[in-house]
Each structure stands twice: as structure tokens, then as C-alpha cells.
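Here's the structure we're looking at; comments come further down.
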Number of protein chains: 2
Amino acid sequence: MPPATTAARYGSRPTMKDVAARAGVGLKTVSRVVNGETGVTAETESRVRAAIEALGFRRNDSARILRKGRTASIGLVLEDLADPFYSPLSRAVEEVARANGSLLFAGSSAEVPEREQELALALCARRVDGLVIVPASDDHRYLEPEIAAGIATVFVDRPASRIDADAVLTDNAGGAREAVAHLIAHGHRRIGFIGDRPHIHTADERLRGYREAMAAHGLAVRGDWVSMGATAPERVRAELDRMASGPDPVTALFAGNNRVTVTAVRVLAERERSVRPLALVGFDDFELADLLRPGVTVIAQDPARLGRTAAELLFRRLDGAAESPRRLELPGRLIVRGSGEFSPHD
Amino acid sequence: MPPATTAARYGSRPTMKDVAARAGVGLKTVSRVVNGETGVTAETESRVRAAIEALGFRRNDSARILRKGRTASIGLVLEDLADPFYSPLSRAVEEVARANGSLLFAGSSAEVPEREQELALALCARRVDGLVIVPASDDHRYLEPEIAAGIATVFVDRPASRIDADAVLTDNAGGAREAVAHLIAHGHRRIGFIGDRPHIHTADERLRGYREAMAAHGLAVRGDWVSMGATAPERVRAELDRMASGPDPVTALFAGNNRVTVTAVRVLAERERSVRPLALVGFDDFELADLLRPGVTVIAQDPARLGRTAAELLFRRLDGAAESPRRLELPGRLIVRGSGEFSPHD
DNA sequence: CTGAAAGCGCTTACAG
DNA sequence: CTGAAAGCGCTTACAG
């Protein structure tokens with residue numbers, strides 16, 4: 001038997017028009033029923049519902065969106081969906097979106113500026129209501145027309161560059177100061193810092209905090225105690241080996257992020273027991289840090305809270321909050337577990 | 001100076017019509033330029049481009065989508081975006097989507113069947129081209145009309161229930177057999193199994209593999225050696241304490257997933273050194289498993305490969321591959337690190 | 001090479 | 001309580 005209406009063809013779908021025809025009512029009446037509006041007789045409504053059921057109709061929200069303005073979707077652009085730091089952030093953004101009736105587009109920039117821009121603009125072309133961005137680019141002027149056109153945008157983890165925009169950050173410099181002060185309090189004077197590539201905002205801020213804490217305690221920083229660059233294990237390993245050897249080795253390391261910390265833990269675990277243990281404090285907490293021996297002392301960020309805060313600010317903007325851009329800073333938190341409490345003489 | 005066109009108002013945007021008016025050409029000509037079609041004089045084209053530039057026009061892809069059919073977007077529904085097992089899977093799906101010119105909607109079901117359904121249907125209403133689903137529900141008949149209407153759907157990690165659909169899975173039973181055989185080969189006869197809640201497909205399959213391996217070696221399984229349920233730490237801790245004590249304690253544990261394994265590691269680490277060490281093999285690998293002492297022996301899945309395989313199958317379907325639903329199984333891989341190689345006499 | 005008309009599937013504004 | 005018309009911003013099919 002051939003299909004009764006176009007709607008029954010594979011790959012095509014019934015529309016409100018089809019439902020209206022089958023129920024013998026006008027298009028607008030179907031729309032009323034589908035949207036739960038008042039002013040439809042119970043009898044009419046049940047005829048419409050029967051037609052919807054029989055045809056397997058489901059409203060096309062893409063069409064609805066075109067007519068309505070808001071798309072009830074937001075976009076998230078970050079470095080890497082799979083990164084254990086960013087995945088709780090994503091989840092938090094998603095939860096807030098859900099609570100506000102929005103769907104979430106998610107995409108990874110892989111820390112490539114062009115990919116960030118491509119993704120963000122593709123999302124703008126879809127007319128997402130708003131954007132949460134962990135920036136990879138160092139120039140966000142490309143977003144100015146989009147923001148002016150009404151796409152609310154909140155940056156998270158790192159601020160926007162060359163435009164004035166909302167941002168939710170961790171107090172990176174403050175956390176770094178606390179980490180380094182902790183090592184100093186345990187007697188260290190020669191403290192190394194291995195961080196991510198310079199010009200990444202968080203890396204620069206943590207370096208600043210390191211320098212400030214050293215200066216505040218009257219300690220000079222030797223050039224070869226600081227290393228900024230890719231967080232690839234080979235580089236971190238080589239730099240740590242270098243800093244920890246020679247006539248005047250560092251006695252403690254402040255690791256600038258998660259990946260550096262993990263490599264440092266590996267390197268330290270491999271060193272012979274005879275060698276004096278190096279103290280270690282890392283920026284960013286990570287799963288199982290407490291199960292390692294020694295446990296790893298860290299400055300913990302709260303990525304879920306970063307995401308939640310950013311998304312909530314986004315939806316406040318969408319609800320009309322029109323003050324000038326804000327920068328929110330969340331504190332880091334020192335978690336003492338053992339690796340940061342060796343004295344230089346242990 | 002008041003804005004020259006409606007397009008300049010805050011929150012509203014120029015359309016092709018505005019561009020056409022400004023450039024003094026027809027709508028279709030603008031469309032041709034925007035879409036890089038041929039058959040436009042260089043002179044006309046540059047007039048159009050100038051108008052686009054001046055107005056800050058960006059094509060509204062939502063409108064385009066409505067007219068074209070394909071939305072160039074796919075949806076991903078999984079248990080938890082932030083879970084370290086699923087986040088590489090998400091990233092892999094995203095990469096394949098990107099390679100195929102699609103954007104990705106992502107959402108977490110939180111293992112709640114109603115949330116899975118709500119999310120999946122919301123995505124269908126947006127008319128995503130396809131769906132990758134890690135199911136939480138045990139009845140997917142609600143998706144039948146959507147699939148029939150042309151929304152390609154691939155299940156991953158767990159199969160669909162009550163409908164016939166594509167699925168990409170790990171060979172859970174096979175992996176579990178290998179894990180348990182490994183413990184048996186190291187001399188264990190009394191082996192416990194703590195798994196996730198029954199009726200979760202992967203949990204049931206791993207239990208099956210455990211039983212099969214025991215049976216294959218002529219070993220009976222005592223009822224109190226098996227515990228299926230929520231993977232909350234308190235429960236796992238209590239069950240492990242129970243199994244490892246009493247007159248006839250287990251000498252080895254096969255942990256049914258990541259979360260169970262981590263809790264087991266904690267519990268074992270807390271036991272006094274005097275107690276005989278329990279051997280442990282976990283299902284699922286996890287970061288730093290090699291840095292723990294002892295390193296944790298696991299059956300590793302490849303979540304990124306699961307995601308990639310599922311997404312690639314999805315796009316093959318979208319390109320017209322219309323064979324009947326397939327079930328692909330990827331192998332697990334035993335990684336020996338120390339925790340699974342204690343004999344019962346150590 | 002160029003453009004006017006119709007239509008994608010809805011909602012809005014209005015009339016009966 | 002109900003529905004016909006217009007329109008959201010594009011693309012398609014067609015004509016000049």
C-alpha cells in the first residue's frame with residue numbers, strides 16, 4: 001500500500017499542516033494544542049491529539065526557532081572536552097543550560113586559535129543565544145559584531161583578549177603565591193617553576209605569583225629556575241632533571257599545571273631513594289592525588305564551579321542584565337597531602 | 001546618527017535582504033556570493049562583498065537548515081560528560097563530527113532513563129541528522145518513529161533495548177574472562193566480583209565473563225563472592241570488607257569498573273601491612289594507575305576508539321549505508337602492573 | 001549573468 | 001473558540 005501522505009515517506013516527516021488536514025482543523029489550532037495554549041475545545045483537542053499520534057508528528061524546533069528569535073541553545077568552546085580539568089566544567093555548563101531550557105553545543109579548539117574562531121563563528125551562525133569560551137586565541141575582536149548583535153558571551157578560565165567581556169577566572173596569581181609561600185614556610189629557598197607556554201594567561205599569572213612570593217620573602221629567582229613551555233612530558237622531564245642537578249639544585253618544585261605535576265611525580269618516583277626528596281606543590285588538583293605516596297600537595301581549582309558561575313552569568317545576561325562586563329575571580333585552595341611538606345634537609 | 005537600517009539595531013541582525021538592498025542587487029545574487037556559487041561578475045561580487053562587510057552580515061544557518069533538510073549537527077547523549085571514561089569518547093565523537101562538517105550537541109543523562117529520553121527527543125525535535133547514545137533507558141521504542149523518519153542512531157558502550165539498532169561495544173564478557181583467568185593463573189581460587197547495578201548491560205556482561213572463567217577452570221562461585229549494586233564508595237567498601245574477612249575470605253578481587261577499582265585501591269591501601277595482600281584486577285584503565293604502588297592491573301577499554309567507531313558508523317549511515325543494524329565489538333586489553341600478580345600465598 | 005516567486009515548518013498578529 | 005494570511009531568513013526551481 002502506498003503511503004497516504006508525503007509525511008509517511010522514509011526520511012520525510014509529518015508537519016503541522018499534515019496534522020491539521022488529518023484532524024480537519026486549521027494550522028493554528030494544531031499549533032495551539034502542541035504548545036499547550038488555552039482556548040481549544042476538549043473535543044477539538046482530542047481530534048488533534050489523535051492525528052498527532054497517528055502520524056507520529058513531532059514539532060520541528062528548527063522552524064520554531066527561526067520564527068521565535070531565541071534558539072534555546074548555547075555554545076561551549078574549550079580546549080579539550082576530554083581533559084580532566086575541563087570535563088567537569090563542561091558538565092556544569094550543561095547542567096545550567098538544562099536548568100534554563102537550553103541545549104548545549106560543545107566543541108574543542110585543541111588550543112589552536114583558528115579552530116576557536118571557526119567554532120565560535122559557526123555557533124554564531126547557528127544563532128546560539130550565548131557562548132561560553134575558554135579562549136585559545138589572543139585576539140577576540142572577531143567576536144565584537146556578534147556580541148553587539150546580541151550573542152551573550154562569557155569567557156572562562158582565561159580572559160578575552162583585546163575586547164572587554166565577561167570573564168570568570170581562578171585567582172591564579174594568588175594561588176601560586178600560596179603554593180610558593182607554603183614551600184618557603186617549609187624551609188625552601190631554591191624553588192623551581194615549570195609552567196605552560198608563556199602568553200597563556202593562566203601560565204603567566206602563575207609565574208607572576210611565584211615571583212611575587214619569592215620577592216615577598218626576599219628571595220632572588222635565578223633564571224634557570226624558571227621554565228615556561230609546552231607541557232609535553234619530555235620537556236618537563238628534561239627541565240626538572242636540569243633544575244634538580246648541578247652544583248646548586250632546587251630543593252622544591254612548583255608545577256604550573258596538572259600535566260606538569262603528573263610528569264614531575266613520575267620523574268620523582270623514578271629517582272633513586274638515596275637522593276634527597278624534592279618537595280612538590282602542583283597547581284590543579286587531580287584524581288587519586290591522595291592515593292599516591294607521598295600524596296601530592298596542590299592548589300585546587302574548582303572547575304565545576306568555574307563552569308557553573310560562567311553559565312549562570314551568561315543566562316543572567318540573556319535575561320537582560322546589562323551592566324558593563326564583569327570579571328569574577330574564584331579562589332584556589334591549598335590541599336596539603338605530603339609532597340609539599342619535605343624540608344630541604346629531609 | 002540613527003541607524004540606517006533595521007539591521008543596525010542592537011540584537012537584530014542584517015539579513016540577505018538588507019545586503020541585497022544595500023548592494024543594489026537581487027536576493028539570489030547575495031546568496032550566490034555567500035555560498036561561493038559561480039556565475040556572478042567580479043564587479044557585482046565585490047559590490048555584494050562590500051555590503052556584507054559594511055553591514056556585518058553573517059548568514060543565519062538556522063534559516064538555511066530549515067530550507068535544506070540536513071542540519072549538519074549530531075547529538076550525543078551519555079551518562080556524564082565529566083566522567084573520565086566518557087570524556088575521551090565525547091571528544092572522539094566531536095572530532096569525527098568536525099571532520100564531517102557537523103556541530104555536536106552534547107548532554108548527560110545522569111543514568112536517569114527519563115533524562116535520556118527527554119534529551120534524545122529534544123535533539124530529534126531540533127532535527128539533528130544523527131544521534132550517538134550511551135543508553136540509560138531499558139526501552140528505546142520511543143526512538144522508533146525518529147529512526148524511521150531518518151535520524152540515524154548508533155548506540156555505544158551499551159546496546160539499545162527492545163529495538164534493533166547499530167551498536168559499538170567493548171567485548172565485556174571476553175575482557176572479564178581474561179581478567180579472571182589471569183587471577184586464576186596466579187593461583188587464586190576464591191575470587192570476588194563487585195560490579196555495577198544489575199541490568200546495566202556492561203555490568204551483566206562482566207558478571208557473565210567472571211562466571212564463565214570460573215566455570216571453565218572448574219571453580220564454583222559462592223553467592224557471597226558476588227555483589228552487584230551502586231558503585232558508591234560506602235557500598236563498595238562494605239562489600240569488600242565483608243568478602244575479605246570471615247573464615248574463608250576471597251584472595252582476589254575483580255572490580256567491575258573504574259569507580260569500584262578506585263575505591264578498592266583505597267580500601268586495600270588502608271589495610272594494615274600485616275594482612276595478606278589481596279590481588280586486584282579492575283575493568284577500565286584510569287590515569288595514574290601505573291603510578292600507584294602497586295600499579296593497578298586492568299582490562300583497558302579504548303573509549304576514544306569506541307566513540308570514533310560509533311561516530312564513523314553514524315556518518316556512513318548518513319551517507320546512505322543502509323544495511324541492517326550492526327553490532328561491533330572492540331576487544332579489551334589486559335595491562336599487567338602489579339596488583340593482579342600477587343599469589344594467594346604472598 | 002541575474003532576479004522574482006514559492007516554499008522550508010513553524011509563530012505572530014489579526015479577524016471572525 | 002477557530003483559522004487565513006503574513007513572515008522568520010534562507011534556498012530551490014525557474015524564467016529572462
Side-chain angles (χ1 to χ4, degrees), chain A residues 5-7 9 11-48 51-52 55-72 124-129 149-150, chain B residues 5-7 9 11-48 51-52 55-72 124-129 149-150:
Chain A
T5 70
T6 9
R9 272 193 327 235
S12 115
R13 307 193 60 143
T15 70
M16 283 194 178
K17 202 173 148 198
D18 299 315
V19 174
R22 175 157 185 138
V25 300
L27 193 56
K28 177 61 197 170
T29 298
V30 177
S31 173
R32 284 195 181 91
V33 172
V34 169
N35 294 303
E37 291 168 25
T38 57
V40 182
T41 341
E43 200 274 325
T44 309
E45 176 170 345
S46 71
R47 267 217 325 283
V48 171
I52 288 173
L55 260 32
F57 169 80
R58 187 175 312 279
R59 181 180 63 197
N60 181 335
D61 280 349
S62 286
R64 170 169 226 246
I65 277 162
L66 177 59
R67 197 61 181 77
K68 290 203 78 107
R70 276 206 185 178
T71 57
C124 290
R126 296 293 177 103
R127 299 296 189 262
V128 292
D129 299 324
Chain B
T5 69
T6 10
R9 271 193 328 237
S12 114
R13 307 193 61 143
T15 69
M16 283 193 177
K17 202 173 148 198
D18 299 315
V19 174
R22 175 154 186 141
V25 300
L27 193 57
K28 177 61 197 171
T29 298
V30 177
S31 174
R32 283 194 181 92
V33 171
V34 169
N35 294 303
E37 290 168 26
T38 57
V40 182
T41 342
E43 200 274 325
T44 309
E45 176 169 345
S46 71
R47 267 215 327 283
V48 171
I52 287 173
L55 259 31
F57 168 80
R58 188 176 312 278
R59 181 179 63 197
N60 181 335
D61 280 348
S62 286
R64 169 168 227 247
I65 277 163
L66 178 59
R67 197 61 181 79
K68 291 204 77 110
R70 277 208 182 176
T71 56
C124 290
R126 295 294 177 104
R127 300 295 190 262
V128 292
D129 300 324

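Phosphate contact (OP1/OP2 of C:dT2, side-chain N/O of B:Thr29, threshold under 4.0 Å): absent.
DNA chain C forms stems at C:1-3 with D:14-16, C:5-12 with D:5-12, C:14-16 with D:1-3, each a run of 3 or more consecutive Watson-Crick or G-U wobble pairs whose two key distances fall under 3.5 Å.
The two residues B:Val25 and B:Arg47 come nearest to each other via the heavy atoms CG1-NH2, 3.5 Å. What you find for A:Ser62 and B:Ile65 is that their closest heavy atoms are OG-CG2, 4.3 Å. Considering all non-hydrogen atoms of both residues, B:Lys17 and B:Leu27 come closest at N-CD1, 3.5 Å.
Checking side-chain atoms of B:Asp129 against main-chain N and O of B:Arg70 turns up no donor-acceptor pair under 3.5 Å.
Proximity of A:Arg13 to B:Arg127: side-chain heavy atoms (C-beta onward) are separated by under 4.5 Å at one or more points. Side chains of B:Asn60 and B:Thr15 form no contact here, defined as non-hydrogen atoms less than 4.5 Å apart.
Residue B:Lys28 qualifies as enclosed at atom NZ: its count of foreign heavy atoms under 6.0 Å is above 12.
Across all strands shown, B:Thr44 has heavy atoms under 4.0 Å from sugar-phosphate atoms exclusively, and none from any base.
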| request: Spell out protein contact along nucleotides 7-16 of chain D as letters: B when the base is contacted, S when just the sugar-phosphate is, - when no protein heavy atom is under 4.0 Å; keep the 5' to 3' order. | output: BBBSBBB---
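Taking B:Arg59 as the reference, B:Asn35, B:Asp61 meet the side chain to side chain donor-acceptor pair (under 3.5 Å) condition, with sequence neighbours excluded.
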